[in-house]
Amino acid sequence: MPPVFRFAPSPNGHLHLGHALSALLNADRAKAAGGRMLLRIEDIDTSRCRPEYEAAIYEDLAWLGLTWERPVRRQSEHFDAYRAALGQLDAMGLIYPSFESRAEIAAMVAMREAEAPWPRDPDGAPLYPGAAKSLTTAERASRIASGVPYALRLDMARALSALTGELDWAETGAGLAGETGTVAADPGQWGDVILARKDAPASYHLAVTVDDAAQGVTDVVRGSDLFHATSVHRLLQKLLGLPAPRYYHHRLILDADGRKLSKSTQATALRELRGRGATPAAIRKAVGLD
Ligand code: GLU
């Protein structure tokens with residue numbers, strides 16, 4: 001079976017040089033391995049994703065010289081698959097609804113932080129303090145019945161105790177601190193992550209895990225900013241009985257101030273560079289591939 005690679009952008013802005021590096025690396029590695037190249041549109045965040053950005057993704061990637069298999073998987077068309085995975089985790093007693101707003105969570109964290117430092121996840125966000133975990137079944141049901149919006153969270157402590165054996169992955173690239181080879185997954189550092197947003201039956205972590213399996217992805221090539229997210233993906237794969245792909249986390253393209261590129265900075269957007277006369281070959285060079 002040929003290896004299967006995928007590039008999985010979100011259509012919430014224009015692709016920049018960092019995306020070009022990721023897409024080109026996927027395509028180069030797929031070609032070298034005689035593998036397949038897929039494109040996935042990660043559009044579960046309907047408030048930020050726009051059809052014009054999706055159209056621009058196809059245009060920018062084609063201009064770069066990339067090809068990919070059709071049809072393209074769009075996450076917004078697969079909510080049933082994510083609901084099924086949530087149902088599996090629910091049957092295992094591993095998810096629970098949380099009803100708080102962001103502001104309420106921030107206030108809870110601030111209160112705890114007044115006493116002692118509160119743990120943060122690898123992205124720097126405070127861990128969910130877990131208040132909704134202590135609601136009774138009746139309290140949950142009554143809030144849901146009265147229409148209070150809720151997210152679904154993974155009960156991390158229970159999920160970790162449901163695991164048997166090692167949880168690790170094969171890393172052929174490297175994390176931000178150079179981690180490579182067999183890497184031990186540490187999902188506990190994320191706390192009770194959201195698996196279904198208030199406005200969609202999925203979150204990034206759940207959708208990416210379900211989709212990589214559904215698409216038969218064998219090789220995940222993506223930026224090292226997602227290195228720690230792999231711990232959550234490996235945990236979900238294990239809980240859902242899904243296969244583990246190989247992972248290659250690549251270096252990030254940084255701006256002049258040493259920060260990760262942002263979709264809101266037009267200067268590094270591929271279409272902006274193209275408008276200023278850049279060629280696909282110049283883009284390959286700019287991202288350090290040639
Ligand atoms: N959609 C994610 C992003 O645009 C990438 C997901 C992945 O490669 O796992 O950052």
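First listed ligand is number 1; within each ligand, the first listed atom is number 1.
As a member of the Ile/Leu/Val/Met/Phe/Trp/Tyr network built from side-chain separations under 4.5 Å, L252 groups with L176, L254.
Contact residues of ligand 1 (protein heavy atom closer than 4.0 angstrom to a ligand atom; sorted by chain and number): R6, A8, P9, S10, E42, Y204, V208, R222, L226.
With F7 as the aromatic partner, R40 does not meet the cation-pi criteria of under 6.0 angstrom to the ring centre and within 45 degrees of the ring axis.
No salt bridge links D43 with R48; every basic N to acidic carboxylate O contact stays at or beyond 4.0 Å.
Among residues two or more places apart in sequence or in another chain, the salt bridge (charged side-chain N to carboxylate O under 4.0 Å, His left out) test is passed with D255 by R259.
For residues 202-246, every residue pair satisfying the ring-ring contact (aromatic ring centres under 6.0 Å, His included) rule, not counting sequence neighbours, is listed here: W169-F227, W190-H205, Y204-H233, H205-H233, F227-H249.
No donor-acceptor distance shorter than 3.5 angstrom exists from the side chain of E115 to the backbone of R112, with no hydrogens or angles considered.
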